[in-house]
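Letters go in sequence order (proteins before strands), and every chain restarts at 1.
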Amino acid sequence: MKDYSLVELKNIANLIRQDIIRMTAHAGSGHPGGSLGMADIFTALYFKILKHNHELPHWTERDRVILSNGHICPVLYATLAERGYFSLHLLKKFRQINSPLQGHPHQHSLAGIENSSGPLGQGLSIACGLALGAKLNKQNYQVFALTSDGEHNEGQTWEAIMLANKYKLNNLINIVDVNGIQIDGYTKNIMPLGDLKAKYQSFGWQVLTCDGHNMKDIINTLTKAKTSNKPVAILAKTILGKGVSFMENNFDWHGKAPNQQEAEKALIELKKYV
Amino acid sequence: MFNKENKSTRDAYGEAIFALAKTNKNIVVVSADLAESTRVQKFAKKYPERFFEVGVAEQNMLGVAAGLSLSGKTVFASSFAVFSPGRNWDQLRVSICYSESNVKIVSTHAGLSVGEDGASHQALEDIAITRVLPNLLVISPLDYEETKKAVIAIAKIKNPVYLRLHRQTSPQITDSKTPFQIGKANILQAGKNLTLVGCGPILHEAIKAAENLKKQNISVEIINCHTIKPLDKNTILKSLQKTKKLITLEEHQIAGGLGSAILEQVVSSYSVPVKLIGVQDTFGESGKPSELWHKYKIDSQYIEQEILKIIKNPR
Ligand SMILES: Cc1ncc(C[n+]2csc(CCOP(=O)(O)OP(=O)(O)O)c2C)c(N)n1
Ligand SMILES: [Mg+2]
């Protein structure tokens with residue numbers, strides 16, 4: 001696998017952001033906010049950290065990515081396409097009828113999508129199951145769960161957190177998208193999560209934090225997480241809508257597509273960074 | 001008949017609950033991070049002390065709702081139909097139905113017409129999993145005005161109720177004067193060749209099909225069976241005694257839905273040729289509502305074709 005430089009990785013993240021804008025604008029619906037916020041982390045995973053091969057997507061030893069907050073699938077689809085899992089042209093079919101790019105991910109519609117999601121709070125349990133299975137099969141793959149702060153309202157997330165500690169799932173890394181926003185507003189108003197770091201630690205996890213938009217920090221943190229002897233939570237501080245000034249930190253953009261004009265404005269902004 | 005603008009049933013809910021709250025101080029609303037989408041936001045802003053936001057936690061939402069009802073409140077709990085009664089079915093079963101709690105589970109975004117969000121968000125099983133629960137009433141209003149009346153009616157009774165609503169706008173078929181009574185089906189149009197019983201906004205597709213068939217001298221009796229439980233067996237039976245043929249229609253799986261309730265409770269004792277129209281044991285997908293209704297065979301074109309089939313060849 002090519003060894004990408006930090007500058008190259010940043011440029012790829014920017015292309016993924018442009019894809020996200022085009023996809024949601026073309027579909028006329030979808031969730032650009034959280035998707036833009038996670039573009040740097042997805043880039044780091046698929047272009048640097050993961051053990052995987054887009055030409056052998058079903059390779060049994062591949063690292064697994066379980067996207068729990070399925071509404072941010074534009075970033076998953078765009079990353080997979082930029083990585084070569086499928087043609088970039090397919091992104092135009094996002095949310096259209098008869099398309100493999102469903103509004104929320106469907107496990108069997110495309111190689112590279114590991115799980116179905118949309119209903120929040122189920123992914124960490126699936127990731128635990130995959131991690132248990134790896135141990136049972138004596139396989140060395142790593143499981144990367146991607147969860148959101150909003151999903152930590154669901155009891156099931158905490159049930160999985162307990163289980164990961166019980167079974168000492170040191171092959172599990174949960175990357176939490178801490179953007180402080182959920183659908184109807186700021187997390188601190190809708191359902192305050194309190195001290196997530198202390199909560200995870202008291203449940204027996206190792207906790208790392210990172211700036212979700214600093215590529216070097218992301219890579220260092222993910223690399224460190226792979227060597228832990230416990231399940232690891234990475235609390236990634238991100239900005240919803242990152243890269244598009246009028247979307248940043250505004251919960252209106254959680255689940256609203258940009259219109260043609262807004263999309264053009266966003267793309268002009270994004271292209272300036274390259 | 002449909003020169004009025006299209007409106008959504010979720011908007012009707014938001015307006016009705018807001019209006020009711022002014023006089024009925026006993027009403028409280030619980031939401032699971034979907035206040036805006038389920039249209040209870042206006043209530044929340046005006047009556048913050050009677051609004052409880054539990055976050056993305058549908059199981060907790062129904063438990064809290066049951067507790068509020070124990071304290072004497074009339075509780076409206078709102079989320080999307082896939083999550084409530086999907087995620088929280090056991091809480092619904094025991095904390096609410098078994099306990100006969102005064103909780104109204106009002107869920108929006110039912111059916112394929114959720115559209116682009118895709119299968120995970122399209123509730124096609126909610127009628128099945130609610131109508132099997134003892135003590136629970138199940139209501140699926142036809143349109144905007146009927147939804148308003150249903151909200152007012154369920155606030156007056158103490159029973160637990162599941163009210164099934166929709167995201168997208170649809171034609172206004174009834175008006176403010178059309179009668180509405182829980183458990184009493186309405187004949188939308190009289191006819192003599194076949195009875196079509198359905199519920200929800202999808203019935204507009206049946207009206208379109210019936211309109212077309214008039215040219216071939218076929219007259220269809222259309223029954224709006226907004227209350228799925230308790231089922232208005234009499235109205236349906238009377239119609240069947242006249243037409244001797246039945247089609248049922250719903251934006252839901254065929255298994256366990258309204259059609260299946262009619263088979264259990266009416267056709268089991270009065271046998272007629274019958275065709276159930278609904279989703280045929282499959283998940284939906286992303287797409288425009290009209291595209292999905294067509295692909296999954298619940299649109300006017302398919303209904304028309306099935307009516308012709310059953311009339312030409314009843315056995
Ligand atoms: C079980 C469940 N309940 C409700 C929803 C509706 N919903 C979709 S996204 C969302 C907000 C979740 O917060 P978060 O994932 O942090 O959102 P983001 O940061 O991407 O805006 C909600 C409530 C859902 N998808 N699943
Ligand atoms: Mg969030």
Side-chain angles (χ1 to χ4, degrees), chain A residues 23-24 26-31 68-71 73 93-109 115-122 147-159 181-193 251-252 254-257, chain B residues 30-41 44-45 48 51-64 78-84 86-88 90-91 109 112 114-123 167-168 282-296:
Chain A
M23 288 165 76
T24 50
H26 188 259
S29 65
H31 301 75
S68 183
N69 47 330
H71 62 273
C73 59
K93 299 261 310 170
F94 177 51
R95 290 183 159 247
Q96 314 283 322
I97 196 159
N98 300 320
S99 161
L101 301 189
Q102 289 292 298
H104 293 81
H106 180 223
Q107 185 168 331
H108 298 295
S109 65
N115 64 300
S116 301
S117 59
L120 296 166
Q122 301 191 16
T147 60
S148 67
D149 44 8
E151 279 187 294
H152 285 69
N153 297 175
E154 290 282 2
Q156 186 180 351
T157 301
W158 296 96
E159 293 166 23
I181 280 177
Q182 47 197 103
I183 211 166
D184 275 338
Y186 295 108
T187 298
K188 63 174 190 283
N189 300 327
I190 302 294
M191 185 49 67
L193 290 172
F251 56 80
D252 285 345
H254 156 88
K256 185 176 76 168
Chain B
V30 195
S31 156
D33 197 17
L34 286 172
E36 167 64 34
S37 302
T38 62
R39 297 298 190 251
V40 296
Q41 195 78 298
K45 288 236 162 76
F51 174 76
F52 303 96
E53 174 54 74
V54 303
V56 197
E58 296 75 15
Q59 302 175 22
N60 196 30
M61 174 175 79
L62 286 197
V64 170
S78 285
S79 175
F80 290 171
V82 274
F83 310 131
S84 176
R87 172 81 46 112
N88 54 21
D90 185 32
Q91 284 79 4
H109 293 58
L112 290 171
V114 163
E116 287 79 358
D117 271 350
S120 65
H121 283 55
Q122 294 161 348
R167 170 184 186 270
Q168 91 291 8
T282 175
F283 285 103
E285 64 178 90
S286 294
K288 295 194 184 75
S290 57
E291 292 172 334
L292 296 170
W293 286 357
H294 182 67
K295 178 165 176 180
Y296 292 92

Part of S109(A) lying under 4.5 Å from any heavy atom of chain B:
neither
Which atoms of E36(B) are under 4.5 Å from chain A, going by heavy atoms: the side chain, the backbone, both sets, or neither?
both
Hey, which residues of residues 148-155 of chain A are touching chain B, say heavy atoms under 4.5 Å apart?
G150(A), N153(A), E154(A)
Any salt bridge (charged side-chain N to carboxylate O under 4.0 Å, His left out) pairs touching residues 98-107 of chain A, not counting sequence neighbours?
none
So, for R95(A) and D117(B), which heavy atoms are closest and what is the spacing to 0.1 Å?
NH2-OD1, 2.8 Å
Please name the pair of heavy atoms, one in S120(B) and one in S117(A), separated by the smallest distance, quoted to 0.1 Å.
OG-O, 3.8 Å
Should we say atom CZ of F52(B) is surrounded by more than 12 heavy atoms from elsewhere, each under 6.0 Å from it?
yes
Applying side-chain hydrogen bond (donor to acceptor under 3.5 Å, both in side chains) to T147(A) and not counting sequence neighbours gives N174(A)
Could you check whether any side-chain N or O of Q102(A) sits under 3.5 Å from a backbone N or O of S286(B), counting only pairs where one atom can act as donor and the other as acceptor?
yes
Taking ring pair (Phe, Tyr, Trp, His ring centres under 6.0 Å) as the test, write out the residues that go with H254(A), two or more places apart.
H31(A), H71(A)
How long is the straight-line distance from OG1 of T24(A) back to CD of E116(B), given to the nearest 0.5 Å?
13.0 Å
Go through H121(B), Q59(B), E58(B), E53(B) and name the one with the most non-hydrogen pairs under 4.5 angstrom from chain A.
H121(B)
Keeping E285(B) on the side-chain end and N98(A) on the backbone end, is there a donor-acceptor pair under 3.5 Å?
yes
Using 0.5 Å steps for rounding, measure from the CG atom of L34(B) to the CD1 atom of I183(A).
5.0 Å
Can you see which heavy atom on D33(B) is nearest to which on Q182(A), and at what distance?
OD2-NE2, 3.0 Å
Flag if over 12 foreign heavy atoms under 6.0 Å of NZ, K288(B)
no
Measuring from atom CG of D184(A) to atom CD of Q41(B), what distance do you get when rounded to the nearest 0.5 angstrom?
5.0 Å
Contacting moiety of V82(B), where chain A heavy atoms sit under 4.5 Å
neither
Kindly give the heavy-atom pair with the smallest separation between R87(B) and P119(A), and that separation in Å.
NH2-CB, 3.5 Å
So, the side chain of H104(A) versus the backbone of A119(B): is there a donor-acceptor pair under 3.5 Å, distance only?
no
Under a 4.5 Å heavy-atom cut-off, does chain A meet the side chain of K295(B), its backbone, both or neither?
side chain
